[in-house]
Amino acid sequence: DVKVTQSSRYLVKRTGEKVFLECVQDMDHENMFWYRQDPGLGLRLIYFSYDVKMKEKGDIPEGYSVSREKKERFSLILESASTNQTSMYLCASSPQGFSGNTIYFGEGSWLTVV
Amino acid sequence: DQQVKQNSPSLSVQEGRISILNCDYTNSMFDYFLWYKKYPAEGPTFLISISSIKDKNEDGRFTVFLNKSAKHLSLHIVPSQPGDSAVYFCAASARETGANNLFFGTGTRLTVIP
């Protein structure tokens, strides 16, 4: 059974803190993604990676960075958390021949910045 | 600018009746469209897709219709069941520009009343 695991389901952080959201997939997928989901805005792509050490900006990369040192792991980093980054964060992965129906999402990480 | 729009944030339907969820898009380059279903505290899961060379795709109780001239797609669920209660996202991509870039709508929360 395919699995995308996000290590933290619920986090509360203070403004200015550095935050790490970790994601691991066990399907040997080349592509990995970070989205955030906000009411009325749907899912918006923050960053994606198509290979180890490779990354591409999505629609809303400001305030975020990513790291992909190993194929199975994709980390989202908030260098200095702000209240407007309070959101649900979704990690996803897909194989190289991505066609939309082969993208698998994790269960999400709820981040509250106070 | 939202390229994929779901104008109805919520929809309530009686069990056994038809649910119709609508989605509009603005980018004529989109050629592949998908619907995802999301339960609370879970990641989205793929439901059904349609390529722009078709105008209808059916999978059991779920049918997606595509009207390219109107840049509109809809998801029909017949008959609706209480387990269908979830948030539904439509998404679109343009294979020519890289299928890694999926654009999601804002979501419609479907409630099926027993």
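Owing to the predicted nature of the structure, the values given are computational and were not obtained by experimental measurement. Order of the sequence lines fixes the chain letters, A, B, ..., with proteins taken first and strands second; residue numbering starts at 1 for each chain.
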- Which atoms of A/Asp38 approach chain B - backbone, side chain, both or neither, heavy atom under 4.5 Å: neither
- Would a hydrophobic clustering, with Ile, Leu, Val, Met, Phe, Trp and Tyr connected at side-chain separations under 4.5 Å, put A/Leu45 with A/Met88? yes
- Which answer fits B/Phe103, side chain, backbone, both or neither, if we ask what part of it has an atom under 4.5 Å from a heavy atom of chain A? side chain
- A/Leu11 with A/Leu76, same ILVMFWY side-chain cluster at under 4.5 Å: yes
- Message: In this structure, would B/Leu102 and A/Leu41 fall into the same cluster of hydrophobic residues linked by side-chain contacts under 4.5 Å?
- Response: no
- Same apolar cluster (I L V M F W Y, side chains within < 4.5 Å links), A/Tyr104/A/Ile46: no
- Spell out, yes or no, whether A/Trp34 and A/Val24 are grouped together once hydrophobic residues are joined by side-chain heavy atoms under 4.5 Å, including indirect joins. no
- Message: Please classify the contact of B/Pro44 with chain A as side chain, backbone, both or neither, using a heavy-atom distance under 4.5 Å.
- Response: both
- Part of A/Leu90 lying under 4.5 Å from any heavy atom of chain B: side chain
- Message: If I measure from the heavy atoms of chain B, does A/Arg44 come under 4.5 Å with its side chain, its backbone, both, or neither?
- Response: neither
- Proximity breakdown for A/Gln6 and chain B, heavy-atom pairs closer than 4.5 Å: neither
- Item | Minimum-distance pair of heavy atoms, taken over all atoms of A/Tyr10 and B/Ala41 | OH-CB, 4.4 Å
- Got a second to check how far A/Ile103's CD1 is from B/Tyr36's OH, nearest 0.5 Å? 5.0 Å
- Item | B/Arg61 atom CZ: more than 12 heavy-atom contacts under 6.0 Å | yes
